[in-house]
Amino acid sequence: MHNAAILAEPKRERTRLLYILGMTSHEMDYSNGQSESSTLAVHSPSSKKVNSILTNIQPQRLWRRTGLKPPAPAALGVLLALALLALACLLPPPERTPHLMPASSPPGPQREVATPLSRGRAHSKRLPIPLSRLRRDEPPGWGRRRRRVVGDTPPWFSDDDLQKMRLLACGQVVSKTRVPAHGQVLRVGLRAVGDTERDASPASPEGDCGDGCCGLIKRPGDLYEVLAFHLDRVLGLNRSLPAVARRFTSHLLPYSYTNGSLRPIIWWAPDLQHLEDANNDQNSCALGWLQYQEMLRPRGSTSVAGDAPCSSIPHGEWSRLALFDFLLQVHDRLDRYCCGFQPDPSEPCMEEMLHEKCRNPAELVLVHVLVRRSAPSRLVFIDNAGRPQHPEEKLNFRLLQGIDSFPAAAVATLQSGRLQSLLLESLRVDRELWESQGGAKGLRPLLRTIDRRARILLRYIQERGLTVFEDLSC
């Protein structure tokens, strides 16, 4: 058994093992004096002697010559265990290491593995961050995402747009107030992170909103307003107020606003002009449908009479509004009664029994016709959520009634065939919205819907021989 175990060892270790076993044999038969040759062979090992000893010595003759009985199997086991223990203590670390863990990879750039999307969302988890470690409404990881809203921005965003988008996306909530007649909308005062002047002054809704540092937080279902803002800028209309998607954590807000849901926040224009009539405060001027249609009739290049409602608003503004509302299917401004299509019973115009008024056009009025005091000849597009799922067979062409020309730049963008790609480029700027919708893959169905509406609008313009005008007031 000993010889077999020795032969199984690598050649490099045989001499040391034989030395240990030879010493043990020598101690066992030293009184007989017959082991000298074998001991010498072990003490002065060479490859030839070792091989000769291993080949020629027969174990049975060894025990016969010493006059001792062959050891019992248990004794042999003990000897083998002692030998292995001695090896473990005496042998240096082996030069070959076949079972070592592979060496760590050299330093260098690491490859990122793309995470598959499921149901329009990435499989990613964020470590919870205690609220005590956050500023009052600073989004988690804001330091790393300082430029996530502005990154490599497309050219259709102005510096003013970018500044307001930063404020909306990262500003600290310092005050809140309810908006009358809008139960699910909150107006909040915002303070830019690092604004030392504002940090030293007490927060007040009136003061914060008066200098343009407020926003309207709307319902999660109104996220379409963020897309509407990007569509407005891509088309070069520049009539919508900046909007971003955001998750809120401020302790000043109700739980329904801080439960992790994504909500749109729209910049609050401090100088929007409202009527004094509390029942009609969502307009800058009172305008009925019949008056609106009369105002759209061709009158050369001049505006309507100065004493008419909304007389300061030129024809081109209504053309921009009609194009914008048709692509988004926003009915609330020009056709809040749903006279231009057959509405479903769930439509607000049906629930509020407004649709019945379509029989009498004199009763129809326009809403959300707003301008700013600083620019009374330019419309401001608000409440732009629209209807992304409105069926194509029910498109509301009443929104285009009376419009005989459209802005050339917007029409050229629709004709370019690049509307979807331009919108994707724009929406990437808003990382919260982009990630929540599953990126390009999740947004494409919605953008295809808008693109199909654009093609229908272009066909409408062509079939009726309508014209375009150069837009010099953007």
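All residue numbers in this chain count up from 1 along the given sequence. Side chains are part of it too, since the values below use all heavy atoms of this structure and drop only hydrogens, waters and symmetry mates.
- The shortest distance between side-chain heavy atoms of I265 and I217 falls below 4.5 Å.
- L323 has its side chain within reach of L235: a pair of non-hydrogen atoms, C-beta onward, lies under 4.5 Å apart.
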Practice problem: Decide side chain to side chain contact (heavy atoms under 4.5 Å, CB included) for L458 and Q415; before the verdict, give the C-alpha distance in whole Å, the side-chain angles of both, and the deciding distance to 0.1 Å. | Solution: CA-CA 8 Å; L458 290 173; Q415 290 175 325; 3.7 Å; yes

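- Judged by distance alone, with hydrogens and angles left aside, the side-chain atoms of D271 form no donor-acceptor pair with the main-chain N or O of R372 at under 3.5 Å.
- For CZ of R387, the number of neighbouring non-hydrogen atoms (other residues, nucleotides, ligands) closer than 6.0 Å is greater than 12.
- Side-chain atoms of M165 and F157, non-hydrogen and from C-beta on, do get closer than 4.5 Å to each other.
- Paired with H331 under the rule ring pair (Phe, Tyr, Trp, His ring centres under 6.0 Å), one option of H390, H368, H355 passes, and it is H390.
- Interatomic distance, CG of D404 versus OG of S319, reported as 6.5 Å (0.5 Å rounding).
- In this structure, the side chains of I266 and K218 come closer than 4.5 Å at one or more pairs of heavy atoms.
- Annotation for E393: atom CD counts as buried by contact number, over 12 foreign heavy atoms lying within 6.0 Å.
- No donor-acceptor distance shorter than 3.5 angstrom exists from the side chain of R320 to the backbone of P407, with no hydrogens or angles considered.
- Ring to ring, Y337 and W289 are not that close: their centroids are 6.0 angstrom or more apart.
- The shortest heavy-atom contact between R453 and P388 is NH2-O, 3.6 Å.
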Exercise. Walk me through it: do F381 and V330 pass the test side chain to side chain contact (heavy atoms under 4.5 Å, CB included)?
Key: CA-CA 11 Å; F381 301 167; V330 178; over 6 Å; no

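- Under a 3.5 Å cut-off, the side chain of S312 and the backbone N or O of P376 do form a donor-acceptor pair.
- The two residues C214 and W267 come nearest to each other via the heavy atoms O-CD1, 3.6 Å.
- In this structure the side chain of L424 reaches within 4.5 angstrom of the side chain of W434, judged on heavy atoms.
- Between the side chain of S416 and the backbone N or O of T413 there is at least one donor-acceptor pair closer than 3.5 Å.
- R333 contributes a side-chain N or O that, together with a main-chain N or O of I382, makes up a donor-acceptor pair within less than 3.5 Å.
- To the nearest 0.5 Å, atoms CG (L216) and CG (L186) are separated by 9.0 Å.
- From L334, atom CG reaches atom CG of L364 across 12.0 Å, with rounding to the nearest 0.5 Å.
- A search for side-chain hydrogen bond (donor to acceptor under 3.5 Å, both in side chains) contacts involving Q401 returns nothing, not counting sequence neighbours.
- Ring to ring, F397 and F326 are close: their centroids are under 6.0 angstrom apart.
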Exercise. Kindly indicate, with the supporting measurements, whether the criterion side chain to side chain contact (heavy atoms under 4.5 Å, CB included) is fulfilled by L427 and L227.
Key: CA-CA 7 Å; L427 289 167; L227 171 63; 3.8 Å; yes

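- A distance-only check finds a donor-acceptor pair linking the side chain of D430 to the backbone of A245 [under 3.5 Å].
- By the 4.5 Å heavy-atom criterion applied to side chains, V367 and Q282 are not counted as neighbours.
- More than 12 heavy atoms of other shown residues, nucleotides or ligands fall within 6.0 angstrom of atom CZ in R373.
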Exercise. Could you check D383 against D332 for side chain to side chain contact (heavy atoms under 4.5 Å, CB included), going step by step and ending with a plain yes or no?
Key: CA-CA 8 Å; D383 288 353; D332 293 343; 5.7 Å; no

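- Side chains of R239 and F324 form no contact here, defined as non-hydrogen atoms less than 4.5 Å apart.
- The CD atom of Q184 lies 7.0 Å from the OH atom of Y257; values are rounded to the nearest 0.5 Å.
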Exercise. With salt bridge (Lys or Arg N to Asp or Glu O under 4.0 Å) as the test, would you mind laying out the steps for R297 and E294 before giving the verdict?
Key: CA-CA 6 Å; R297 291 180 182 174; E294 177 68 22; 2.9 Å; yes

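- S261 and N259 form a side-chain donor-acceptor contact under 3.5 Å, judged by distance and modelled atom types alone.
- Across G212 and L167, no two heavy atoms sit closer than the pair O-CD2, 4.0 Å.
- In plain terms, the two heavy atoms of Q329 and N396 that are nearest each other are OE1-N, 3.0 Å.
- To the nearest 0.5 Å, the span separating OG on S158 from CZ on R233 amounts to 6.5 Å.
- Using modelled atom types, one side-chain atom of N283 and one backbone atom of V369 make a donor-acceptor pair closer than 3.5 Å.
- Between P270 and G210, the shortest heavy-atom distance links the atoms CB-O, 3.8 Å.
- N384 contributes no side-chain N or O that, together with a main-chain N or O of A228, makes up a donor-acceptor pair within less than 3.5 Å.
- At least one donor-acceptor pair under 3.5 Å links the side chain of K394 to the backbone N or O of Q342.
- The shortest distance between side-chain heavy atoms of W318 and I403 falls below 4.5 Å.
- Across all their heavy atoms, I313 and E317 have their closest contact at CG2-CB, 3.5 Å.
- With values rounded to the nearest 0.5 angstrom, L328 atom CG is found 5.5 Å from I450 atom CD1.
- Disulfide criterion (SG-SG under 2.5 Å) for C338 and C358: not met.
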